[in-house]
Each structure stands twice: as structure tokens, then as C-alpha cells.
Number of protein chains: 2
Amino acid sequence: MAHATETAAAGYVAGHFPPFAVTVDLVVLTVREGDLCALLIQRGEQPHLGRSALPGGFVRVDEDLDVAARRELSEETGLARLPVHLEQLATYGAVGRDPRMRVVSVAYLALAPDLPPPQAGGDAAAAAWVPVCQVLPESSTAANLSAQPRPGQYRSVSSRSAQAAQSVQPTSGLAESTDAPAPGHTPLAFDHVGILADGVERARAKLEYSPLAAAFCPAEFTVGELRRVYEAVWGVTLDARNFHRKVTGTAGFLLPVGRATVRQGGRPAQLFQLGPATLINPPMLRPA
Amino acid sequence: MAHATETAAAGYVAGHFPPFAVTVDLVVLTVREGDLCALLIQRGEQPHLGRSALPGGFVRVDEDLDVAARRELSEETGLARLPVHLEQLATYGAVGRDPRMRVVSVAYLALAPDLPPPQAGGDAAAAAWVPVCQVLPESSTAANLSAQPRPGQYRSVSSRSAQAAQSVQPTSGLAESTDAPAPGHTPLAFDHVGILADGVERARAKLEYSPLAAAFCPAEFTVGELRRVYEAVWGVTLDARNFHRKVTGTAGFLLPVGRATVRQGGRPAQLFQLGPATLINPPMLRPA
DNA sequence: GTAATAGTGTCTCTAAGACAATATGAA
DNA sequence: TTCATATTGTCTTAGAGACACTATTAC
């Protein structure tokens, strides 16, 4: 890799192309306990050491952007199963967004089912799922009403960055006065709040016209689970009966598996898997 | 600017951040004579000298991405009035997309009313509006049925790149055998076909739920003009009466000016200007 | 008058939203 | 039994699409 860097650098010496650093940043979303949550890491390096941030890192010269996004995801968060869905979100390149140098960051949106707490790695001192309503200045939904801060969100890093990880020991309550404040109670590093907000809005919009909500569910899921995904992402409550009629009536959206769940009370629900449809037409509509 | 470049380059020498070149590419669309057209330039430099391409160029180290997009637009195409609408489209960074070096290109989508033929400048030998159906492998619309190739689309460059411009003299017909083939009859440079396709699809989609079609119209326009924009972009024909009822019935979409056009035959039409609405709800729907 | 385009009214049908009623399990 | 969730059915209403009809200009 040092070789590739030198080769490319030689081109810059001869040419007139201003050099940029290119990074990927990841907005990884999931639904946990009825809340839309984002994966945040705690920075283990300067700048913004200790601050919450989106996972991400530098793109290698010989690496496609999509590949870099997947690599950073597994490197920094240790998620065993890679998320079902990964798509490019937008690119952020304001001049002063990184104090070190000129950085252009390509943001990606990833949607994952409810996975076990992530393991930090790479430049991340810790990684945790944080309800987005704790981080965003609340964008006109009622989601923040249902979300309470929860203790012990962070899970200490296992391998390297042990020094930085010391500041992230689990606490019995919220420890806002330590040097490792709970995520969402400190502003995100860089321009990551805006990136996160854009990612959340993208996810909310795509649930309307694509079957993407299933990316938040396991391979087999019930209509009720799917509805709770919509309710969490949109921050609304939906009529369970109309929702059921809509999703089961949309051709290609849901394929019946033929089995049913064992319930903890209430009638068992049919299991479905995602169908071949790529568009929901007519779309699901967010309530006004 | 040489100073800024040197400063940034010094940072790279010390650090471990692989240097990239960052460019902006522009998908500039307009509607002319019933066709959706894209602004293409003819490259005046290597690589792909003489090939058709999207306008664009390198981002400066001290320049925001949006600013670079606007600068390239006026530099390379000489459009006097800048387009009403400019938004980021997507970023393209495959490893081999530029033979010279690793380049990440941030694409922008611009929508313009029907302007006079553009004047080339900068690295562009020529610039012209080209119907997209002549360039794209036709994406499931009937637009290509109505579009015929037209001669003399290019307008010779006035200032520099005179040598390259010689190959772009207007022809009485299609001159496919010259060294300057008509745009759209030669494959676009780099990965620009894909970028153009993405831009066209974005524009088509946004007409559904945003009042963006007005960006293709002058400041004051009639319902008929707006309908012809929709028909050209979507490549369909719409029922004029239902369209009229829909757009005039959508709150905040159209503001009546109070005056009417003088017609060349037929009843005069009321003039409107774009209203404050930012979303069309319920959306306009493309016919199946 | 005819031709051409603008604009209104009316009908049908799809589908969303409200909500009653029924089904099927656990405790 | 009660409780909880799933699923079906029914009614009302907004709105899209088809299309007859009227309005206002140029010729």
C-alpha cells in the first residue's frame, strides 16, 4: 500500500491536481426496543478524541468506495453479520470540516436488523447503539417522547486502544461528568450530526416506496414486527389492521413462509420473508 | 492557489492519508422542443480528447463542493443565467475510472430553463444540448420515439482551444465519419453514461413529489408549458385536463400572476409563478 | 365559420383511513 | 375465564383517470 501511495503521489508532483483525503462515514441504523438507533463510536484518536462520531475512515487508493464502506463497518464495529442493506447517502466536503486537512467524506447508509451490541475496533474506542432522538434536535416526530436514555450502552473495546477504552467503562447510570460522556449527550464530532440527520431522513423516505423496512427485520418476520419497524422509524403509531391489509396486499412485498410464530400471548402470527418487489406501488404513506 | 496546494501537500508527506483527486461532474438538463436534453461538452484535453463528456473539473483545495460545481458550470459552458436548481447527485469513485490517477468525482444535477446554446470554455472544446435519448440506452420510456437527431447542435468555441474546436464545425447533416462525431453517437468519456443515467432518473423521480418541474420553465409560465415539461422528462403524454386540475389544485404549487399569455392560436393561458410549496402531496404520478 | 389551446364538470374506480368483529394463542 | 395480538370485513371518503363539454383566441 505504501507503494501505491508513492506512485499516486508522484503523479501529483508532476500534475496540477490538488490532493484531497477521502473518507467514508457510515450511518448504521437499527431498531431496538421500539427506537430507531444509530451506531456511534467513541473516537480513539485526534481530533475530537473521546467525542461520539459516526464510524468511518480513510479510503485506500486501490479500494472502491463501496468496498471501503464495508471494510470500515466490519473493522470499526465488529458486526459479525454485515447489514442487509448498504447504499451511498451523500458526500460532504466543506472546506473546514476537518481541522487536519481537506477531507471529502462519502457517507453511506446501512440498515441492520437488531444485532448484539457491537464490538469496537480500529480507531474506535467504543461502539454503541444510540437512539437517534438522543442525538438529533428532533425533526418533527413524536419519537422522542417514547425514548428514555438507557445505561450501559457502551461495550468496552476488547483488543487495542485500551487506554482510550478505559474512559468508557460501563456505568450504573448516566455519567455525564466523566471524561467519557454518554453518546448523544455530547455533540457529535465533525459535521456528523448533519450526516446522521440526512441518513435518518433518507431511511424514513425510503420506507414509503421501497420494501427496505425488511432490512431492519430478521430473515423471517411477522407483519407486526414489520409494523413496529415503521412505527419506530417514522415515530408514529399505525393502525395495525390497515397496515396488515396494505402490506399483504402489495404484490411481491411479502412471501408467506407457511409457518407461524409461537407467541408469548395473543394469536400466533404468520411468518413472511421479503419478496422480489423492489418498489411499493402505491407507496406506504406517512400519516400527516 | 499554488501556495494552498503546497501547504496541503506537506500535510500528506507527513501523514498516512492516501491522496485523491476530487472533481465535480455536472448533469445539466433542460427541455428543448419537447425533448429532455443534457449539456455535453467535447473534451479538449487528454484523456478521451474529442469525446463527449459531462462538464466538470477539479475541485480546488480551498473551495466547497457546491461552489466548485457552480464555478465549473459557468466556466465550461458559459451559461449566462445560472440554472435555477443545483443539487448533489452522487459520488463516483471506482478505482479505474480515470486512467491518470485515482479520482473521486462528486456529481451534481442542475436543471435549467431553455437557454440559448451554451458557449464552451475552460477545458471544453465545444458545448451543446443533446437529447438524452440519443446518449442513453433508453430506459423504458417512449421518449426516443419522438426525438430525431438534429444537425448543428454544437456551437464552436470562441476563445481558446481553437485547434480542438476546428473539429466541431457545424455540419449540414450528421457527420459521423469526421474526427468530431456528433455527441450521443459516440460513447461518453469515463463513466459518464452512468452518471447521466442516474441524473435523469433523479430528475424523473423528483418531478413526482417536488415542484422541481418549474426549474425547467421561465419565471412565469403556463400550465401547458409545465405539462410539456412533465411529458418531455417522463417521455409520456398526459391528459391536459386532469393535469390542469391536479397542479392548480395542489396548495402552494402555482401562484397566479393575474396576467395571461398572448397566444399564437387558441385561448390565452393564465400565467403562474412557482409557489412556496416544497413538496407535492399527494404526488404527481407517472403513468404505468 | 374552423382550428387550436385553455379550462370546467362529471363519472367511475382504486385505495386509504376508521373501526367493528372474529380468530387463536397464553395465563 | 381474561388478556393480548392477529386477521378479516365493512363503511366512508379522497383522489386519479377517462372524457364530455364550454371558453377564448387566431385565422
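Given the structure is predicted, the values throughout are model-derived calculations rather than measurements. Convention: sequence-line order gives letters A, B, ...; per-chain numbering from 1.
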Student: With the side chain of A:Pro282 defined as its heavy atoms from C-beta on, choose the nearest nucleotide among D:dT7, C:dA6, C:dA16.
Tutor: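 Of all the options, the side chain of A:Pro282 is nearest to C:dA16.
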Student: Quickly work out the A:Leu285 CG to D:dA14 P distance and round it to whole Å.
Tutor: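 The answer, rounded to whole Å, is 15 Å.
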Student: Looking only at heavy atoms, which two atoms of B:Asp198 and B:Leu89 are closest? And how far apart?
Tutor: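 Result for this residue pair: O-CD1, 3.9 Å.
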Student: Roughly how far, to the nearest 0.5 Å, is CG of A:Leu285 from NZ of A:Lys246?
Tutor: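 Separation between the atoms: 7.0 Å.
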Student: Using whole Å, what does the distance between atom P of nucleotide C:dA18 and atom CG of A:Leu238 come to?
Tutor: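 About 10 Å, once rounded to whole Å.
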Student: So what does A:Gly224 hit on the nucleic acid, given a heavy-atom distance under 4.0 Å: a base, only sugar-phosphate, or nothing?
Tutor: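 Touches sugar-phosphate only.
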Student: Any N or O donor-acceptor pair linking the side chain of A:Arg267 to the base of C:dA26 at under 3.5 Å?
Tutor: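 No, the side chain and the base share no sub-3.5 Å donor-acceptor pair.
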Student: Using a distance-only criterion (donor-acceptor N/O pair, under 3.5 Å, no hydrogens), is the base of D:dA6 paired with the side chain of A:Arg227?
Tutor: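 Counting by modelled atom types and ignoring angles, no donor-acceptor contact under 3.5 Å is found here.
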Student: Quickly work out the A:Gln270 CD to C:dA23 P distance and round it to whole Å.
Tutor: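 About 16 Å, once rounded to whole Å.
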Student: Can you check whether A:His244 has a side-chain N or O nearer than 4.0 Å to OP1 or OP2 of D:dT7?
Tutor: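 Affirmative; the distance criterion is met.
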Student: Out of curiosity, A:Thr261 OG1 to A:Arg267 CZ, how far, rounded to the nearest 0.5 Å?
Tutor: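 The distance works out to 10.5 Å.
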Student: Would you compute the distance between atom CZ of B:Phe272 and atom CD of B:Glu220 and round it to the nearest 0.5 angstrom?
Tutor: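 Interatomic distance, B:Phe272 CZ to B:Glu220 CD, rounded to 0.5 Å: 11.0 Å.
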Student: Reading DNA chain C from 5' onward, which residue's closest nucleotide shows up sooner: A:Arg241 or A:Gly266?
Tutor: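 On the 5' side of the pair lies A:Arg241.
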Student: Let me know the distance between CZ of A:Arg245 and C1' of C:dA21, rounded to the nearest Å.
Tutor: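 Distance check: A:Arg245 CZ to C:dA21 C1' gives 15 Å.
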Student: Does a side-chain N or O from B:Lys246 land closer than 4.0 Å to OP1 or OP2 of D:dG15, or not?
Tutor: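 Looking at the OP1 and OP2 atoms of D:dG15, neither is under 4.0 Å from any side-chain N or O of B:Lys246.
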Student: Starting at atom CG of A:Asn242, determine the distance to atom P of D:dA6, rounded to an integer number of angstrom.
Tutor: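 Value for this atom pair: 15 Å.
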Student: Whole Å only: how far is the CE atom of A:Met284 from the C1' atom of C:dA15?
Tutor: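 About 13 Å, once rounded to whole Å.
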